[in-house]
Amino acid sequence: MLEIQYIRQNPEDVISRLAVKNIDATALINETLKLDEEKRRLQMALEELLARINNSSKEIGDLYKSGKKQEADKLKAETASWKTELSKLESDAKNAERNLFDKLVLLPNLPHKSVPSGKTPDQNEVVREEGAKPPLGEDCLPHWELAKKYKLIDFETGVKITGAGFPVYTGKGARLQRALINFFLDKAVTAGYTEIEPPILVNEETGYGTGQLPDKEGQMYFAGQDNLYLIPTAEVPITNIYRDSIIDEETLPIKNCGYTPCFRREAGSYGKDVRGLNRLHQFDKVEIVQIQHPDKSYIALEEMRDYVAGILRELELPFRILKLCGGDMSFASALTYDLEVFSGAQKRWLEVSSVSNFETFQANRMKLRLKKGKDKPRLAHTLNGSALALPRIVASLLENNQTAEGIRIPKALIPYTGFGLIG
RNA sequence: GGAGAGAUGGCAGAGCGGUUGAAUGCACCUGAUUCGAAAUCAGGAGUACCUUCACGGGUAUCAGGGGUUCGAAUCCCUUUCUCUCCGCCA
């Protein structure tokens, strides 16, 4: 959530930066400012009345103590007569606050100054491209064929057990999943991240803290009986660890990582996007999360991006890094890099990681603050990135490394799989 | 799931419905003493919002929400959570 103080002081800046996300916020901002004024006006009136009542009550107490019962009773009656005014002011003030809040939660985060404008994914900026695309023959197979051929993934049985988008991994396919998870976690821990195993069901406050709620609840599975949501990413529980807390700046940066399954309803997806492993309802992912000082968050963002690139390099996958344009960025992000691997048989780029700086957007919702000595607490910056999401890594691993003998496992992964070839 | 007990500041722990934002202890910060330190003494110290050029002032906050009252940490209702006992169970 944007800070109202900032909007109040820099409405022009807010409007022009939201324009980069292709949002004309002029009307919304004007309305927000009006509601903010209204809220403060009512708050002042209410607090003034409360102060009068407090004073009066104190006086009544003193009068009783000194035995002046008559005067006390008189003042009591007078004070009681303010009650109708009080309840009206209370409900008005509450409504005004509610109205303001309802507007504020609709506003997406402001994009960083360097974010390119643009409406669609093809206007994202290619930061760089690395690795050679595999020289596959005409007879190369897409990963879903390979998965079937080598009995690695059973999509049909997944449909039987649960539904589309819930594959069953078998044999070396399952082993490959486990290998990748361990590989990613080991990498992250070596890079200084603390491993976390969080809950994968979260409550409403948690969903709100990272920005999934109230807007995108249709994207999450919901366990209605207990009012809990299945997490769409480990970012949600791992960042919310610090909800409602004030962290000593000395302890920064906080770097956490965690493996979790992720659940996404993906309502509205169709066609080649959902073929095979391209888009699933349940998938595995290792996530990295940082809590950073505002002055250092953009350095950290680049480090995280380069860290993820390093893993892709070790996996010998051709990849490219994109800086997302305003129109392709998520609601909460100020700057996002996507990392995509090239999937040789499908001949398309697949997003395997998204690394974002949320600046104070999540921290403001979560009341996650930093404190240095006696200074006033200030909001922290939060960042996260996938490192990495498994399905599309597996897709490109299978497709790019197919040979006549079988599927070659990259060297770095062999200690984890225990085999170098799927034949 | 059933029965009971409880939730107070960073922690521990008081708190007859009326100067209780809250005693006390520990921890913490500042100053005095000291060559320095320990000990001792004096003082300070939560968070959020509103207001003020500023000094300052106001409101809220004793798990969350609602109620009674001129006035609630204190009384009532409710939700959540914790603990103890029973049941069930990886």
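Worth knowing before you read on, the calculation uses all heavy atoms, side chains too, and leaves out hydrogens, waters and symmetry mates.
- In this structure, A/Asp36 pairs ionically with A/Arg40, as a charged nitrogen and a carboxylate oxygen lie closer than 4.0 Å.
- Position along RNA chain B of the nearest nucleotide to A/Ile4 versus A/Tyr64 favours A/Tyr64 as the more 5'-ward residue.
- Between A/Arg40 atom CZ and B/U59 atom C1' there is a gap of 16 Å when expressed in whole angstrom units.
- Taking atom C1' in both B/A73 and B/G15, one finds a spacing of 8 Å when rounded to whole Å.
- Distance A/Glu47 CD to B/A48 P: 15 Å, rounded to the nearest Å.
- Using N1 to N3 plus N6-O4 or O6-N4 for Watson-Crick, or N1-O2 and O6-N3 for G-U wobble, each under 3.5 Å, B/C88 pairs with nothing.
- When the nearest nucleotides of RNA chain B are assigned to A/Asp375 and A/Leu50 by heavy-atom distance, the more 5′-ward of the two goes with A/Asp375.
- For the P atoms, the distance from B/A54 to B/A63 is 35 Å, rounded to whole Å.
- When both pairing distances are held under 3.5 Å, B/A38 makes no Watson-Crick or G-U pair with any nucleotide shown.
- Pairing for B/G4 is with B/C83, a Watson-Crick or G-U wobble pair whose two hydrogen-bonding atom distances lie under 3.5 Å.
- Of the side-chain N and O atoms in A/Lys371, none sit less than 4.0 angstrom from OP1 or OP2 of B/C28.
- Below 30°, between 30° and 60°, or above 60°: for A/Tyr298 and A/His112 the angle between ring planes is between 30° and 60°, a tilted geometry.
- Nearest to the side-chain atoms of A/Pro377 among the listed nucleotides B/C70, B/U47, B/U59 stands B/U47.
- Rounded to a whole Å, the CZ atom of A/Arg243 is 18 Å from the P atom of B/A48.
- Note on ring orientation: taking the six-membered ring where Trp is involved, the planes of A/Phe331 and A/Phe361 are perpendicular (angle over 60°, cut-offs 30° and 60°).
- Rounded to an integer number of Å, the gap from A/Arg41 CZ to B/U59 C1' is 17 Å.
- Contacts between residues 5-14 of chain A and RNA chain B, defined by a heavy-atom separation below 4.0 Å, involve A/Gln5, A/Arg8, listed by number.
- Between A/Asn54 and B/G58, a side-chain N or O to OP1/OP2 separation shorter than 4.0 Å is absent.
- Nucleotides B/C16 and B/C85 have their C1' atoms positioned 34 Å apart, rounded to a whole Å.
- Rounded to an integer number of Å, the gap from A/Glu3 CD to B/C50 P is 12 Å.
- Within the nucleic acid shown, A/Lys69 has no heavy atom closer than 4.0 Å to any nucleic acid atom.
- Remark: A/Lys172 is positioned above the aromatic ring of A/Phe419, its terminal NZ or CZ atom under 6.0 angstrom from the ring centre and at most 45 degrees off the axis.
- You'll find that the side chain of A/Lys39 is closest to B/C49, out of B/U47, B/C49, B/G58.
- A cation-pi arrangement is present between A/Arg365 and A/Tyr208, with the terminal nitrogen or guanidinium carbon under 6.0 Å from the aromatic centre and inside a 45° cone about the axis.
- Between A/Glu249 and A/Lys371, no side-chain nitrogen of the basic residue sits less than 4.0 Å from a carboxylate oxygen of the acidic one, so the salt-bridge criterion is not met.
- Relative ring orientation between A/Phe222 and A/Tyr229 is described as tilted, the plane-to-plane angle lying within the 30° to 60° band.
- Between B/C83 and B/G31, the distance separating the two C1' atoms is 44 Å to the nearest Å.
- Put simply, CD on A/Glu204 is 18 Å from P on B/G64, counting in whole angstrom units.
- Under the Watson-Crick or G-U wobble criterion, with both distances below 3.5 Å, B/A54 has no partner in any strand shown.
- Distance CD1 (A/Ile246) to P (B/G10): 9 Å, rounded to an integer number of Å.
- Using N1 to N3 plus N6-O4 or O6-N4 for Watson-Crick, or N1-O2 and O6-N3 for G-U wobble, each under 3.5 Å, B/G21 pairs with nothing.
- Distance from the side chain of A/Ala51 is smallest to B/U59 among B/U47, B/C49, B/U59.
- Residues A/Ser333 and A/Lys21 share a closest heavy-atom pair of O-NZ, 3.0 Å.
- Residue A/Arg369 has no polar side-chain atom (N or O) positioned under 4.0 Å from OP1 or OP2 of B/U47.
- Per the geometry, CD belonging to A/Glu38 stands 15 Å off P belonging to B/C50, to the nearest Å.
- Pairing for B/C28 goes to B/G44, judged as Watson-Crick or G-U wobble with the two contacts each under 3.5 Å.
- With both ends at atom C1', the span from B/U33 to B/G25 equals 24 Å, rounded to whole Å.
- Shown here is A/Glu37, whose CD atom has no more than 12 heavy atoms of other residues, nucleotides or ligands within 6.0 Å.
- Rounded to whole Å, the P atom of B/G56 lies 29 Å from the corresponding atom of B/G64.
- Using a distance-only test at 3.5 Å, with no hydrogens or angles considered, a donor-acceptor pair links the side chain of A/Arg392 to the main chain of A/Glu351.
- Across all strands shown, A/Thr79 has heavy atoms under 4.0 Å from sugar-phosphate atoms exclusively, and none from any base.
- B/C28 sits 34 Å from B/G65 when the P atoms are compared, rounded to a whole Å.
- A gap of 25 Å separates the C1' atoms of B/A7 and B/A45, to the nearest Å.
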